[in-house]
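A quick write-up on the structure given underneath.
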Number of protein chains: 2
Amino acid sequence: MSEARAYHHGNLREALLEAGLQLTRAGGPSALVLRDVTRRVGVSPNAAYRHFADRAGLLQAVVERVQQEMTALMHPDGTPDGEDPAARARAQLRAVGLGYIDFALREPGWFELAFAAPELGRAPGPGPGSGYDHAPGPPLPAPLARLVDALDGLVAAGVLRPEERPGAEWPCWSAVHGFALLALHGPLRGLPAEELRRSAERTVDAVVRGVTGG
Amino acid sequence: MSEARAYHHGNLREALLEAGLQLTRAGGPSALVLRDVTRRVGVSPNAAYRHFADRAGLLQAVVERVQQEMTALMHPDGTPDGEDPAARARAQLRAVGLGYIDFALREPGWFELAFAAPELGRAPGPGPGSGYDHAPGPPLPAPLARLVDALDGLVAAGVLRPEERPGAEWPCWSAVHGFALLALHGPLRGLPAEELRRSAERTVDAVVRGVTGG
DNA sequence: CCGTGATGTGTACGCTGTCAACATAGTCGG
DNA sequence: CCGACTATGTTGACAGCGTACACATCACGG
């Protein structure tokens with residue numbers, strides 16, 4: 001039914017997205033070269049313009065694909081076991097942070113595309129409260145949604161005072177996002193995986209401690 | 001003496017750097033378009049190749065200029081006053097972090113150029129200890145040097161246990177670097193300056209608490 | 001005064017994204 | 001069943017980019 005099928009090529013749009021995913025996976029956003037994508041699909045460069053406004057449009061669509069993909073990749077991961085609900089809530093937040101960093105290190109191209117590409121109208125923009133509104137229009141990117149949940153969990157577990165909840169996303173996100181970038185392009189680039197992991201844990205632990213009021 | 005003076009143009013190299021600084025200040029690394037730079041100086045595109053290997057070479061040189069500039073911009077700022085040396089050391093670290101963020105927000109183009117441009121052989125790469133060696137070859141970029149000092153200060157003041165000192169740079173840098181990027185291109189972009197400032201302080205405070213063992 | 005090296009110019013090539021005009025292939029109304 | 005219409009893909013062109021190569025020009029040292 002909605003199986004969009006062959007005109008000349010047999011759904012090109014999908015093929016272009018697929019090619020875009022492959023290219024950006026290996027080389028980040030800058031590897032999405034329009035002529036490359038079309039070449040790889042075996043079609044003329046301008047064919048892309050029947051399905052996307054321009055290069056930026058294609059890029060944007062690939063970004064959305066990656067963000068969906070990521071939702072799957074960050075499997076539920078189960079709430080960590082343990083009796084103490086406070087400890088469990090903390091562990092949850094920790095897991096979210098490490099998950100973010102893991103994704104960035106495992107899929108650097110996609111990470112950069114989805115979360116570190118400048119000039120990309122990403123981000124709904126926070127509401128008046130300076131914390132994410134809990135019922136905004138566009139669905140949050142998966143990792144951010146999980147962060148929001150984890151922080152709410154901290155409040156529920158009594159670890160985080162409710163008046164400290166709004167805006168608590170930013171220190172957390174800042175730390176893991178910054179770490180990912182330092183590890184990918186910054187001074188930590190090329191460090192052995194084990195050391196990197198320890199540094200990541202330390203960073204996450206620090207910010208978790210910091211946010212939950214020491 | 002070293003006053004490189006007129007051949008045809010009267011030191012071009014300097015003029016190119018100057019133009020590069022202007023362009024990147026307004027538009028970040030991607031605004032450094034070789035043909036733009038030379039046009040602005042009133043010279044043919046290829047003239048640049050007498051002074052730089054290629055576009056990347058010019059870019060690299062501009063980066064170094066910016067990093068020098070930054071040393072001046074981050075004026076000593078004086079050690080904060082106060083009796084308690086522990087509190088003073090903490091305040092020092094806090095000031096370094098906020099200084100980093102301030103610079104990023106005040107000079108987004110230069111910040112991105114000097115600290116957030118991918119594929120730029122920035123970063124000496126940490127030594128075996130996973131903390132910066134205290135006597136490496138190339139001089140650290142100014143803000144990082146100040147960070148190192150602040151952390152050493154924490155140890156001296158007895159706030160940070162010496163065995164926790166190595167690698168303490170990364171949580172700190174991660175947080176402020178990440179925050180700067182979220183504020184420039186991420187979800188915090190466009191937030192009123194005052195709110196931004198509060199979020200920045202919260203982020204810095206969190207990581208300072210987190211690093212200094214809660 | 002002339003050669004020699006440093007410096008800037010001119011021309012050209014291949015690459016990019018994108019526009020306008022055209023061709024084709026499916027769909028649908030009569 | 002046939003012609004019109006629309007969706008889709010191709011061709012050719014343009015401007016702009018970084019850059020390689022050959023040439024012109026200037027300053028200076030013998």
Side-chain angles (χ1 to χ4, degrees), chain A residues 1-24 26-63 109 112-113 117-121, chain B residues 1-24 26-63 109 112-113 117-121:
Chain A
M1 330 296 169
S2 59
E3 273 292 342
R5 282 251 150 260
Y7 261 78
H8 301 76
H9 167 278
N11 58 357
L12 217 190
R13 183 186 168 93
E14 205 57 26
L16 292 175
L17 282 176
E18 194 55 44
L21 282 172
Q22 287 179 232
L23 287 172
T24 54
S30 70
L32 191 112
V33 176
L34 210 153
R35 289 173 113 105
D36 259 13
V37 178
T38 56
R39 220 174 283 138
R40 177 174 287 239
V41 175
V43 92
S44 96
N46 283 331
Y49 285 85
R50 296 295 166 186
H51 301 272
F52 304 96
D54 53 2
R55 193 197 100 110
L58 173 54
L59 223 181
Q60 180 58 39
V62 175
V63 165
E112 201 152 327
L113 176 63
E119 81 256 13
L120 214 54
Chain B
M1 322 286 197
S2 58
E3 273 292 344
R5 282 252 150 260
Y7 261 77
H8 300 75
H9 165 278
N11 58 358
L12 217 190
R13 183 186 169 93
E14 206 57 27
L16 292 174
L17 283 176
E18 194 55 43
L21 283 173
Q22 287 179 231
L23 287 172
T24 55
S30 71
L32 192 111
V33 177
L34 210 151
R35 287 172 115 106
D36 260 12
V37 178
T38 56
R39 219 174 284 137
R40 176 173 288 237
V41 174
V43 92
S44 97
N46 283 331
Y49 285 85
R50 297 295 167 186
H51 301 274
F52 304 96
D54 53 1
R55 192 197 102 110
L58 173 55
L59 223 181
Q60 179 59 38
V62 175
V63 165
E112 201 152 328
L113 176 64
E119 85 255 11
L120 215 54

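None of these values were measured; they are calculated from a predicted model.
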Original post:
Rounding to a whole Å, what distance do you find between A/Arg55:CZ and C/dC15:C1'?
Top reply: 14 Å
Subject >> Side-chain donor or acceptor of A/Asn11 paired with backbone N/O of A/Glu14 under 3.5 Å >> reply: no
**OP:** Please tell me if the side chains of A/Leu23 and A/Val33 come closer than 4.5 Å, counting only heavy atoms from C-beta onward.
**Re:** no
Original post:
What bend angle does the helix from C/dC1-D/dG30 to C/dG30-D/dC1 show across its length, from five-pair end axes and to the nearest 10 degrees?
Top reply: 20°
Subject >> Integer-rounded Å distance: D/dT25 P and B/Leu12 CG >> reply: 18 Å
Original post:
To the nearest angstrom, how far is A/Tyr49 atom OH from D/dT11 atom P?
Top reply: 17 Å
**OP:** Mind calculating the distance between CG (A/Asn11) and C1' (C/dG26) to the nearest angstrom?
**Re:** 15 Å
Original post:
If you find the nucleotide of DNA chain C closest to B/His51 and the one closest to A/Arg39, which residue's nucleotide is nearer the 5' end?
Top reply: B/His51
Subject >> Check: B/Leu113 and B/Leu59 side chains under 4.5 Å, non-hydrogen atoms >> reply: yes
Original post:
Of the candidate nucleotides C/dT18, D/dC17, C/dT9, which contains the atom at the shortest distance from the side chain of B/Asp36?
Top reply: D/dC17
**OP:** Return yes if the base of D/dT19 and the side-chain atoms of B/Arg35 contain a donor-acceptor N/O pair under 3.5 Å, otherwise no.
**Re:** yes
Original post:
What is the distance from CG of A/Leu34 to C1' of D/dG9, rounded to the nearest Å?
Top reply: 14 Å
**OP:** Would you check if A/Leu58 and A/Leu17 make a side-chain contact, meaning some heavy-atom pair closer than 4.5 Å?
**Re:** yes
Subject >> From D/dT19, D/dG9, C/dT18, nucleotide with atom closest to A/Val43 side chain >> reply: D/dG9
Subject >> B/Phe52 CZ - C/dT7 C1' separation (whole Å) >> reply: 14 Å
**OP:** To the nearest Å, give me how far apart CD (B/Glu14) and C1' (C/dG8) are.
**Re:** 18 Å
Subject >> Check: A/Pro45 main-chain N/O paired with A/Arg35 side-chain donor or acceptor under 3.5 Å >> reply: no
Subject >> Check: A/Asn46 side chain, D/dG12 base, donor-acceptor under 3.5 Å >> reply: yes
Original post:
Are any non-hydrogen side-chain atoms of B/Arg40 and B/Gln22 less than 4.5 angstrom apart?
Top reply: yes
Original post:
What about B/Arg50, does its side chain sit under 3.5 Å from the base of C/dG8 through a donor-acceptor pair?
Top reply: yes
Original post:
Within the distance-only criterion (no hydrogens, no angle test), does the side chain of B/Arg50 pair as donor or acceptor with the backbone N or O of B/Leu12 below 3.5 angstrom?
Top reply: no
